[in-house]
Amino acid sequence: MSLFQETSTQNRSDTIFKTITMGGAALILIIMAALFIQLVNSSWLSIERFGLRFIYTNVWDPIHHIFGAASSIYGTLISTLIAMLIAVPLGILIAMFLVELMPPAVSKWIGVGIELLAAVPSIIYGMWGLFVFAPFMAGHVQPFMKNVFGDIGLFSGPPIGIGMLTAGIILAFMILPFITAVVRDVFTMVPSVVKESAHGMGSTLWEVTRQVTIRYGFQGIIGAAFLGLSRAIGETMAVTFVIGNSHRIAASLFAPANSITATLANEFAEASEPLYLSALIELGMLLFVLTFLIQVLSQWWLKRVKKSMGVQ
Amino acid sequence: MKERSLFMRKLNNRIIAGLSGFSAMLGLFILGWILYTVFLRGFMAFNASFFTELPNPPGMSGGGLANAMLGTILLTLLATVMGVPVGLLAGVFLSEFGQHSKFARSVRFFSNILMGTPSIIIGVFVYTLLVVPVGHFSGYSGAVALAVMMLPVVARTTEDMLQMVPSALRESALALGTPRWKTTLNVVFRAAKSGLITGVLLAVARVSGETAPLLFTALNSPYWPTNLAHSTANLTVTIFNYAMSPYEDWQQMAWGASLLITVGVLAVTLLTRFALKEKKVKN
């Protein structure tokens with residue numbers, strides 16, 4: 001290019017610098033592409049052999065080389081659902097407490113405490129879940145639930161602590177700080193004029209929150225839920241410790257179950273058969289595709305929300 | 001709308017307010033419960049040999065996790081050496097050169113996606129990339145997995161921190177005839193120094209407590225981490241293996257390791273949190 005001949009060495013050094021930084025940025029794209037290609041490539045054996053049956057059949061038989069991952073997929077979806085059902089209302093309530101009920105000086109410190117829940121490594125949740133929380137569930141919570149709801153359906157079977165319900169509850173604690181943080185921001189973004197006018201009409205705090213604040217910030221709250229969802233669905237260590245690692249799909253939430261991440265964590269290092277390994281990697285790929293879709297959706301959603309709320 | 005008596009409305013309000021306070025206390029209580037357990041059980045594992053010796057075979061008491069501590073430090077250091085410079089470069093590109101180009105937008109988009117990708121998937125990816133061709137687990141592949149996790153975090157925080165530097169600073173340096181690269185490294189970086197350090201520390205804290213990416217890469221080992229080309233001992237996978245074992249000695253050691261990891265990660269997180277807060281107030 002003629003540009004290069006005319007420019008000084010100074011500009012040439014800048015071109016080099018720009019190219020190097022561009023290389024760093026490009027590496028992120030390359031990693032993303034490689035990640036996808038590697039996962040598809042390495043799971044091809046299993047994709048070819050089982051096709052769509054991999055998703056909806058439930059046989060996990062490494063000895064006879066038959067793999068259908070329905071139990072793991074089911075476990076991932078249900079444990080995430082439990083976590084969302086607990087964490088979203090809890091997050092909204094905590095945000096309301098911090099923003100509306102407490103003076104800023106107090107709510108700041110409580111907020112730090114809630115945020116610290118996110119800094120605890122997931123394996124610590126696993127340790128605590130396995131040795132402390134699961135026995136607590138088995139000894140107190142599950143027998144209590146049996147008494148209240150009766151020994152049927154979702155709450156049947158022996159209260160052993162380890163299982164789907166415990167995994168879902170621990171997941172809920174793990175994603176709570178993320179949901180709370182976003183909902184809290186959303187609540188503070190609601191203009192006080194809007195809230196005050198509702199208060200001026202004689203509404204109680206809860207009526208203002210339910211009919212004004214939550215409605216005003218509804219899109220942001222959906223965004224918070226997405227964030228929690230993507231966290232919960234890929235969580236590995238905490239779930240692996242407490243979900244029980246059983247490839248059976250049980251009706252009861254007390255029963256041991258499995259998730260995509262737990263299956264990978266438990267079986268990957270031991271899988272020596274190419275087909276077994278390939279089936280496990282296909283599980284990983286399914287999880288990747290699932291989180292990818294959630295991420296894309298939530299990024300698109302957040303952009304929309306920011307636009308409509310007037311934040312650049 | 002249905003008419004409701006003032007009493008019922010006020011009662012309802014009180015109940016919800018009470019519930020919201022209860023929820024916040026529940027969150028704090030869970031945090032306290034976890035920390036209490038980890039500190040209580042972790043301290044019981046601490047003694048001189050815990051910090052200086054290799055683990056003993058199951059059933060034999062005594063022994064320590066010195067090799068795993070060293071391994072975790074080595075893996076994290078190596079990951080930092082690989083991930084941080086590349087992340088800084090990417091961040092510089094996004095903030096100083098790319099800005100609103102299509103390329104920069106897609107880099108931003110995919111770094112967010114990469115940040116949200118479950119860590120176990122990163123582990124599987126690096127396994128297929130670095131463990132399968134070589135034929136055995138290695139510390140290097142573990143460090144690469146951690147570096148892949150750090151890269152987007154460092155890139156995005158770097159971009160944010162550089163964006164906070166006023167452009168007048170850049171322009172005055174450029175007006176003096178300073179080349180762009182010198183302006184960036186000597187002026188913009190210096191202005192954003194504390195923010196950049198915070199971002200790096202945050203990334204280090206994030207990966208040093210990770211287990212899932214190491215499960216299929218660094219694996220674990222009962223020996224000193226003398227050669228990173230083979231499986232390498234580390235604290236988090238040790239916790240996983242020991243906690244799942246039936247031996248009480250090993251479970252005890254797992255608690256000790258848990259305390260080390262928790263204190264380390266929480267300390268760095270708190271440090272960066274307050275450093276960031278100050279930074280934001282100043283600007």
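Here is the naming used below: chain letters follow the sequence lines, and residue numbers restart at 1 for every chain.
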Review point. Would A:Thr236 and B:Thr211 satisfy side-chain contact (heavy atoms from CB on, under 4.5 Å), going step by step from the backbone distance to the final call?
Key: CA-CA 9 Å; A:Thr236 307; B:Thr211 315; over 6 Å; no
Exercise for review: Provide the closest heavy-atom pair for B:Gly209 versus A:Pro121 in the form atom of the first, atom of the second, distance.
Suggested key: O-CB, 3.7 Å
Review point. Counting only heavy atoms not in A:His140, do more than 12 sit closer than 6.0 Å to its NE2 atom?
Key: no
Point to revise | Best-contacting candidate, A:Gly234, A:Ser122, A:Gly23, against chain B by heavy atom pairs under 4.5 angstrom | key: A:Gly234
Review point. Under a 4.5 Å heavy-atom cut-off, does chain B meet the side chain of A:Thr240, its backbone, both or neither?
Key: both
Review point. Which one, B:Thr262, B:Val268, B:Val124, B:Val132, leads in non-hydrogen pairs under 4.5 Å with chain A?
Key: B:Val124
**Study point:** Leading residue by heavy atom contact count with chain A [cutoff under 4.5 Å; candidates B:Ile261, B:Ile121, B:Thr269]
**Key:** B:Ile121
Practice item. Report yes if the side chains of A:Thr19 and B:Phe97 come closer than 4.5 Å at any heavy-atom pair, otherwise no. Key: no
Practice item. Step by step, work out the side-chain contact (heavy atoms from CB on, under 4.5 Å) result for A:Phe173 and B:Trp33. Key: CA-CA 12 Å; A:Phe173 295 141; B:Trp33 195 2; over 6 Å; no
Study note, to complete from the structure: Taken to the nearest 0.5 Å, the spacing of B:Ile122 CD1 from A:Leu35 CG works out to 6.0 Å
Contacts under 3.5 angstrom, residues 12-30 of chain B side chains, donor-acceptor by atom type, not counting sequence neighbours:
{"residue": "B:Asn13", "atom": "OD1", "partner": "A:Trp206", "partner atom": "N", "Å": "2.8"}
{"residue": "B:Ser20", "atom": "OG", "partner": "B:Ala17", "partner atom": "O", "Å": "2.8"}
{"residue": "B:Ser23", "atom": "OG", "partner": "B:Leu19", "partner atom": "O", "Å": "2.8"}

Review point. Are the side chains of A:Ile31 and B:Phe110 in touch, meaning some heavy atoms are under 4.5 Å apart?
Key: no
Review point. Given the options B:Gly32, B:Gly98, B:Ala90, which has more heavy-atom pairs under 4.5 Å with chain A than any of the others?
Key: B:Ala90
Study note, to complete from the structure: Here the salt bridge (Lys or Arg N to Asp or Glu O under 4.0 Å) pairs for residues 87-108 of chain B, sequence neighbours left out, are B:Glu96-B:Arg170, B:Glu96-B:Arg180, B:Arg108-B:Glu159
Point to revise | Flag if over 12 foreign heavy atoms under 6.0 Å of CZ, A:Phe36 | key: no
Check your understanding: Side chains of A:Ile16 and B:Trp181: closer than 4.5 Å at any heavy-atom pair?
Key -> no
Revision key, fill the gap. The single option from B:Leu31, B:Val265, B:Val38 that satisfies side chain to side chain contact (heavy atoms under 4.5 Å, CB included) with A:Val120 is B:Leu31
Study note, to complete from the structure: Cut-off 4.5 Å, heavy atoms of chain A, and the answer for B:Leu88 is neither
Check your understanding: Side chain, backbone, both or neither: which part of A:Ala118 has a heavy atom under 4.5 Å from chain B?
Key -> neither
Exercise for review: Quick one: which of B:Phe240, B:Phe93, B:Phe103 has the most heavy-atom pairs under 4.5 Å with chain A, could you say?
Suggested key: B:Phe93
Review point. Checking heavy atoms, do the side chain of A:Leu130, its backbone, both or neither come under 4.5 Å from chain B?
Key: side chain
Review point. Which answer fits A:Leu101, side chain, backbone, both or neither, if we ask what part of it has an atom under 4.5 Å from a heavy atom of chain B?
Key: side chain
Revision key, fill the gap. Heaviest contributor of heavy-atom pairs below 4.5 Å to chain B, chosen from A:Gly202, A:Gly24, A:Ser203, is A:Gly24
**Study point:** A:Leu287 vs B:Pro118 side-chain heavy atoms within contact, under 4.5 Å
**Key:** yes
Check your understanding: Which bit of A:Thr291 is near chain B, if near means a heavy-atom gap under 4.5 Å: side chain, backbone, both or neither?
Key -> side chain
Exercise for review: Under 4.5 Å heavy-atom distance to chain B, tell me which part of A:Ile294 shows up: side chain, backbone, both or neither.
Suggested key: neither
Review point. Given the options B:Ile113, B:Val92, B:Leu185, B:Leu266, which has more heavy-atom pairs under 4.5 Å with chain A than any of the others?
Key: B:Ile113
Study note, to complete from the structure: Honestly, the part of B:Ala243 sitting under 4.5 Å from a heavy atom of chain A is both
Check your understanding: Checking heavy atoms, do the side chain of A:Leu264, its backbone, both or neither come under 4.5 Å from chain B?
Key -> both
Revision key, fill the gap. Turns out that what part of B:Thr37 lies under 4.5 Å from chain A's heavy atoms comes down to side chain
Study note, to complete from the structure: Cut-off 4.5 Å, heavy atoms of chain A, and the answer for B:Ala254 is both
Exercise for review: To the nearest 0.5 angstrom, please state how far the OG1 atom of A:Thr204 sits from the CE atom of B:Met8.
Suggested key: 12.0 Å
Exercise for review: Kindly compute the distance separating CZ (B:Phe125) from CD1 (A:Ile37), expressed to the nearest 0.5 Å.
Suggested key: 9.5 Å
Check your understanding: Within residues 147-154 of chain B, which positions have a heavy-atom distance to chain A below 4.5 Å?
Key -> B:Val148, B:Leu151
Check your understanding: Rounded to the nearest 0.5 Å, how far apart are CG of B:Leu94 and CE of A:Met22?
Key -> 10.5 Å
Practice item. Check whether any side-chain heavy atom of A:Leu116 lies under 4.5 Å from a side-chain heavy atom of B:Leu270, and answer yes or no. Key: yes
All N/O donor-acceptor pairs, side-chain side in residues 86-95 of chain A, below 3.5 Å, sequence neighbours left out:
none

Exercise for review: Answer yes or no: is there a side-chain heavy-atom contact under 4.5 Å between B:Trp255 and A:Phe131?
Suggested key: yes
Check your understanding: When rounded to the nearest 0.5 angstrom, what distance separates CG in A:Asp14 from OG1 in B:Thr184?
Key -> 8.0 Å
**Study point:** Contacting moiety of B:Ser106, where chain A heavy atoms sit under 4.5 Å
**Key:** both
Exercise for review: Apply side-chain contact (heavy atoms from CB on, under 4.5 Å) to A:Gln295 and B:Thr117, showing your working.
Suggested key: CA-CA 9 Å; A:Gln295 298 268 341; B:Thr117 300; over 6 Å; no
Point to revise | Part of A:Ser42 within contact of chain B (heavy atom distance under 4.5 Å) | key: side chain
Practice item. Enter the distance from A:Gln38:CD to B:Tyr127:OH here, rounded to the nearest 0.5 Å. Key: 12.0 Å
Check your understanding: Side chain, backbone, both or neither: which part of A:Met127 has a non-hydrogen atom closer than 4.5 Å to chain B?
Key -> both
Review point. By a 4.5 Å heavy-atom criterion (distance strictly below it), what part of B:Val107 contacts chain A: side chain, backbone, both, or neither?
Key: both
Review point. Mind checking whether A:Val296 and B:Phe109 have side chains closer than 4.5 Å, heavy atoms only?
Key: yes
Exercise for review: For chain B, find which of A:Gly284, A:Ser298, A:Ala265 contributes the most heavy-atom pairs closer than 4.5 angstrom.
Suggested key: A:Ala265
